[in-house]
Amino acid sequence: MIDVNGPGQQPAAEPHIAGLLAGAFNSFRAEISAHSLPGLRPSHYRVMALIPPEGLRLSLLAQRAAITKAGIGQFMKHLERDGYVRITPDPSDSRAKIATLTPAGEAAVELSLRIIAETEQKWAAALGAKRYQELRRALNEVSLLTPRNDP
């Protein structure tokens, strides 16, 4: 594990931003995991949520998910085996594959969106509505500092 404070340095009086973001994300992941369907991890929900109703080529899904084509292939094998997605040849290019959500996949995405909404409500209650909106705005601003390569 990388010590973000540097080798041999004492921990900073204030937690490092990477640690704060990791802590918030771990809290969020714990909420999803606590209510997850068997065999699904938070990353599965994230990838499934990127698939539109008409389906999406695996290569484009890999780009949108910011993972390799091999990685998306592994995700899709797992999700297809468990009945959350259907993989079919692309009619316009038989070498390409298209992923579409099954009814179980659609239900899983709906579940994840409910869990996200409930988690946001918990966080807003804990921070207060004004501070929570400030947090959302600040995180959005930070996310825009890095150019995205979305197709």
If only atom types and distance count, is the side chain of [X] paired as donor or acceptor with the main-chain N or O of [Y] below 3.5 Å?
{"X": "Thr119", "Y": "Ile115", "result": "yes"}
{"X": "Ser143", "Y": "Asn140", "result": "yes"}
{"X": "Ser36", "Y": "Ser33", "result": "no"}
{"X": "Arg46", "Y": "Ala65", "result": "yes"}

So, for [X] and [Y], which heavy atoms are closest and what is the spacing to 0.1 Å?
{"X": "Ile87", "Y": "Ala99", "answer": "CD1-CB, 3.7 Å"}
{"X": "Val47", "Y": "Met76", "answer": "CG1-CE, 3.6 Å"}
{"X": "Met48", "Y": "Ala108", "answer": "CE-CB, 3.7 Å"}
{"X": "Leu50", "Y": "Pro52", "answer": "O-CD, 3.3 Å"}
{"X": "Thr68", "Y": "Ala62", "answer": "O-CB, 3.9 Å"}
{"X": "Gly55", "Y": "Thr100", "answer": "CA-CG2, 3.4 Å"}

Among side-chain atoms of Glu106 and Tyr84, is any donor-acceptor pair under 3.5 angstrom? no
Taking the side chain as every heavy atom from C-beta outward, state whether [X] and [Y] have any pair of such atoms under 4.5 Å apart.
{"X": "Leu40", "Y": "Leu79", "answer": "yes"}
{"X": "Arg114", "Y": "His35", "answer": "no"}
{"X": "Ser27", "Y": "Lys122", "answer": "no"}
{"X": "Phe75", "Y": "Val85", "answer": "no"}

Spacing of [atom1] belonging to [X] relative to [atom2] belonging to [Y], to within rounding of 0.5 Å:
{"X": "His16", "Y": "Leu21", "atom1": "NE2", "atom2": "CG", "answer": "10.0 Å"}
{"X": "Arg136", "Y": "Glu120", "atom1": "CZ", "atom2": "CD", "answer": "4.5 Å"}
{"X": "Ser43", "Y": "Ile67", "atom1": "OG", "atom2": "CD1", "answer": "8.0 Å"}
{"X": "Ile72", "Y": "Leu61", "atom1": "CD1", "atom2": "CG", "answer": "4.0 Å"}

Is there a path of hydrophobic side-chain contacts, each under 4.5 Å between heavy atoms of I/L/V/M/F/W/Y residues, joining [Y] to [X]?
{"X": "Tyr132", "Y": "Leu20", "result": "yes"}
{"X": "Leu101", "Y": "Ile98", "result": "no"}
{"X": "Leu135", "Y": "Val142", "result": "no"}

Please determine if Asp90 and Lys97 form a salt bridge, counting it only when a charged side-chain N lies under 4.0 Å from a carboxylate O. no
Going through the checks in order, is the side-chain contact (heavy atoms from CB on, under 4.5 Å) test met by Tyr45 and Ile116? CA-CA 11 Å; Tyr45 292 105; Ile116 291 167; over 6 Å; no
Is there a side-chain contact (heavy atoms from CB on, under 4.5 Å) between Leu37 and Asp82? Walk through the geometry before answering. CA-CA 11 Å; Leu37 296 169; Asp82 289 354; over 6 Å; no
Applying side-chain hydrogen bond (donor to acceptor under 3.5 Å, both in side chains), can you list everything that pairs with Arg81, at least two apart in sequence or on another chain?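 For Arg81, the residues satisfying side-chain hydrogen bond (donor to acceptor under 3.5 Å, both in side chains) (neighbours in sequence not counted) are His78.
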